[in-house]
Amino acid sequence: MQHQLLFNAILSSGINSNKAILVTAFSRPELLRKNLHSVRNAVRSTEYTKIVVWQTNASNASDMQVVLDENSDLIDVLICIDGQSRSPLQNINFNCILGMNLAFDLLGCDWVVSIEEDIQIGYDTLVFAEEMTRRYARNRAFRAVNFGSIEPFSESLKFTYSLLRYGPHQQGMLFTRKLWKRYTLKEYLRRCETEPFDSLFGTFMKTGFVVTPNSSRSLDEGRGGTHTVGGDLDHYFEGQAQSWVGSAPFFIEEYLRVDMEHQWRIDALIYRKRQDLVFDIKHAVFNFDKFVFKGYFLRARTKDKLI
């Protein structure tokens with residue numbers, strides 16, 4: 001394909017943007033088609049470098065290639081990776097890390113909008129993400145912008161958001177350079193051999209806040225995918241569909257902070273600065289356990305007591 005660029009050609013390709021959209025893809029052509037259609041329709045998407053990391057070893061690779069060819073005018077960089085030698089977890093991690101490394105370290109982006117192939121973004125997702133980043137960039141507690149919500153949609157909440165003490169929503173989020181620089185590429189690759197990429201940031205992000213829309217700026221259609229657990233997350237997928245603002249054009253208004261309890265996870269808490277010290281201590285304990293005891297005490301915790 002005409003956009004299959006090698007790393008040593010990317011820097012001379014004329015790409016000039018301080019922000020990127022990263023799509024990681026594998027084997028769901030119809031979901032990828034919807035994903036790229038939503039990116040194309042999103043306000044300001046023409047200002048972004050569009051990067052697709054495609055894992056090519058699926059049995060339906062020819063169907064995936066058709067979708068990528070249909071959208072060749074949209075994709076600035078297509079990286080094709082054969083994942084046969086790695087486990088599913090390692091592939092998910094490696095594909096994301098590879099795209100982040102390209103965007104932040106080679107292209108010099110300030111932020112990356114990261115979405116998986118089963119995610120659609122809303123009409124104003126990029127506007128929302130940029131506005132929130134600019135609004136809170138100088139706040140030391142700011143960590144990222146998540147896109148998903150399962151709060152019921154209403155016109156009164158459409159342009160509101162919450163500051164939550166929560167971790168990364170990797171399927172759809174704005175990832176900052178500051179967050180990426182917490183580790184070196186070598187350390188990412190080493191640690192992600194055995195643990196999910198987003199787990200590296202969970203407790204650190206909870207020492208501050210993530211901006212989360214009260215009406216969802218993403219639609220996750222990955223029900224039944226490799227990262228879901230049977231029917232346990234049905235309420236999440238159904239709730240996000242009912243909360244989603246959609247990808248069709250609408251008039252964009254000013255975004256207002258209206259903190260709400262987002263109840264699909266018990267650890268999604270409204271951010272209160274007075275609790276910072278408590279979560280700083282939890283983060284320190286988490287790291288001590290992880291590096292000294294290899295996560296023994298964390299694993300011993302019950303599933304409904306999340307750090």
Next item on the list: Kindly determine whether Asn214 and Thr160 satisfy side-chain hydrogen bond (donor to acceptor under 3.5 Å, both in side chains), including the steps that lead there.
Entry: CA-CA 6 Å; Asn214 293 326; Thr160 67; 2.8 Å; yes
Checklist line | Nearest heavy-atom neighbours spanning Cys109 and Ala20 | finding: SG-CB, 3.8 Å
Checklist line | Side-chain (Asn146) to main-chain (Gly167) donor-acceptor, under 3.5 angstrom | finding: yes
Check: About how many Å separate NZ of Lys50 and CG of Leu74, when rounded to the nearest 0.5 Å?
Finding: 5.5 Å
Margin query: Hydrophobic cluster membership, with links at side-chain heavy-atom distances under 4.5 Å among I/L/V/M/F/W/Y: are Met260 and Trp244 in one?
Written below: no
Next item on the list: Considering non-hydrogen atoms only, spot the tightest contact between Glu70 and Arg40 and give its length.
Entry: O-NH2, 4.5 Å
Checklist line | Ser45 and Leu126, any side-chain heavy atoms less than 4.5 Å apart | finding: yes
Note to self: Assess the residue pair Gln65 and Asp63 against the criterion (side-chain hydrogen bond (donor to acceptor under 3.5 Å, both in side chains)); give the C-alpha distance rounded to whole Å, side-chain angles, the decisive distance to 0.1 Å, and a yes or no.
What the structure shows: CA-CA 5 Å; Gln65 185 161 336; Asp63 296 329; over 6 Å; no
Item checked: Least distance between heavy atoms, Leu174 atom then Ala144 atom -> O-CB, 3.4 Å
Check: Only one of Thr212, Thr125, Ile119, Val211 clears side-chain contact (heavy atoms from CB on, under 4.5 Å) with Phe147; which?
Finding: Thr125
Next item on the list: Using the side-chain contact (heavy atoms from CB on, under 4.5 Å) rule, take Leu68 and Leu78 through it: C-alpha gap first, then chi angles, then the decisive distance, then the call.
Entry: CA-CA 9 Å; Leu68 293 166; Leu78 174 63; 4.3 Å; yes
Item checked: Sidechain-backbone polar pair: Asn93 side chain, Leu189 backbone, donor-acceptor under 3.5 Å -> no
Note to self: Between Met205 and Tyr166, is there a side-chain heavy-atom distance shorter than 4.5 Å?
What the structure shows: no
Check: Would one find more than 12 heavy atoms of other residues, nucleotides or ligands at under 6.0 Å from atom NZ of Lys19?
Finding: yes
Notebook entry, point to check: Are any non-hydrogen side-chain atoms of Trp54 and Thr24 less than 4.5 angstrom apart?
Noted result: no
Next item on the list: Would you indicate whether the side-chain heavy atoms of Ile270 and Ser162 approach each other to under 4.5 Å?
Entry: no
Notebook entry, point to check: Quick one: does Ser216's side chain have a donor or acceptor within less than 3.5 Å of a partner on Ser149's backbone?
Noted result: yes
Item checked: Whether Arg165 side chain and Arg272 backbone form a donor-acceptor pair below 3.5 Å -> yes
Next item on the list: Look at the side chain of Asn35 and the backbone N and O of Leu31, then say whether any donor-acceptor pair between them is shorter than 3.5 Å.
Entry: no
Margin query: side-chain hydrogen bond (donor to acceptor under 3.5 Å, both in side chains) for Thr207 and Arg143? Distances and angles first, verdict last.
Written below: CA-CA 9 Å; Thr207 63; Arg143 300 290 180 256; 3.0 Å; yes
Check: Can Met100 be reached from Leu102 by stepping across I, L, V, M, F, W or Y side chains whose heavy atoms are under 4.5 Å apart?
Finding: yes
Next item on the list: For Arg217 and Tyr123, run side-chain hydrogen bond (donor to acceptor under 3.5 Å, both in side chains): C-alpha distance rounded to whole Å, both residues' side-chain angles, the deciding distance at 0.1 Å, then the answer.
Entry: CA-CA 8 Å; Arg217 261 60 192 181; Tyr123 176 69; over 6 Å; no
Note to self: Just so I know, are the side chains of Phe142 and Arg135 near enough to count as touching, which here means a heavy-atom distance under 4.5 Å?
What the structure shows: no
Margin query: Tell me whether the rings of Phe201 and Phe175 are parallel (<30°), tilted (30 to 60°) or perpendicular (>60°).
Written below: perpendicular
Margin query: Under a 4.0 Å threshold between the charged nitrogen and the carboxylate oxygen, would Arg177 count as salt-bridged to Asp105?
Written below: no
Notebook entry, point to check: What about Val43 and Val23, same hydrophobic cluster or not, with Ile/Leu/Val/Met/Phe/Trp/Tyr joined at side-chain heavy-atom distances under 4.5 Å?
Noted result: yes
Check: Distance-only, no hydrogens or angles: does the Gln55 side chain make a donor-acceptor pair with backbone N or O of Gly83 under 3.5 Å?
Finding: no
Check: Do Val145 and Met173 touch side chain to side chain, with heavy atoms closer than 4.5 Å?
Finding: no
Next item on the list: Might you work through the side-chain contact (heavy atoms from CB on, under 4.5 Å) test for Ile79 and Val52, ending with a clear yes or no?
Entry: CA-CA 6 Å; Ile79 304 174; Val52 175; over 6 Å; no
Item checked: Sub-4.5 Å side-chain heavy-atom contact between Lys273 and Asn139 -> no
Notebook entry, point to check: Can Tyr188 and Trp180 be said to form a ring pair (Phe, Tyr, Trp, His ring centres under 6.0 Å), step by step?
Noted result: CA-CA 10 Å; Tyr188 277 126; Trp180 171 252; 4.4 Å; yes
Notebook entry, point to check: Under a 4.0 Å N-O cut-off, is there an ion pair linking Lys34 with Glu30?
Noted result: no
Check: Within 45 degrees of the axis of the six-membered ring of Tyr255 and under 6.0 Å from its centre: does Lys158 put its NZ or CZ there?
Finding: no
Next item on the list: For the residue pair Tyr161 and Tyr136, categorise the inter-ring angle as parallel (less than 30°), tilted (30 to 60°) or perpendicular (more than 60°).
Entry: perpendicular
Check: Parallel, tilted or perpendicular for Phe209 and Tyr271, by the 30°/60° rule?
Finding: tilted
Next item on the list: Consider only side-chain heavy atoms of I, L, V, M, F, W and Y, link residues closer than 4.5 Å, and tell whether Leu219 and Val127 are in one cluster.
Entry: no
Checklist line | Audit row: Ile51, Ile21, side-chain contact (heavy atoms from CB on, under 4.5 Å) steps and yes/no | finding: CA-CA 6 Å; Ile51 302 167; Ile21 296 172; over 6 Å; no
Note to self: Give me the atom names and distance for the closest heavy-atom approach of Ser247 to Asn41.
What the structure shows: O-CB, 4.1 Å
Margin query: Would a single hydrophobic cluster contain both Phe153 and Ile252, if residues Ile, Leu, Val, Met, Phe, Trp and Tyr are joined by side-chain heavy-atom contacts under 4.5 Å?
Written below: yes
Notebook entry, point to check: Do Tyr236 and Asp220 have side-chain heavy atoms sitting under 4.5 Å apart?
Noted result: yes
Next item on the list: Say whether, by atom type as modelled, one donor and one acceptor occur between the side chain of Glu151 and the main chain of Ser243 under 3.5 angstrom.
Entry: no
Next item on the list: Step by step, work out the side-chain contact (heavy atoms from CB on, under 4.5 Å) result for Asp110 and Thr176.
Entry: CA-CA 6 Å; Asp110 295 324; Thr176 64; over 6 Å; no
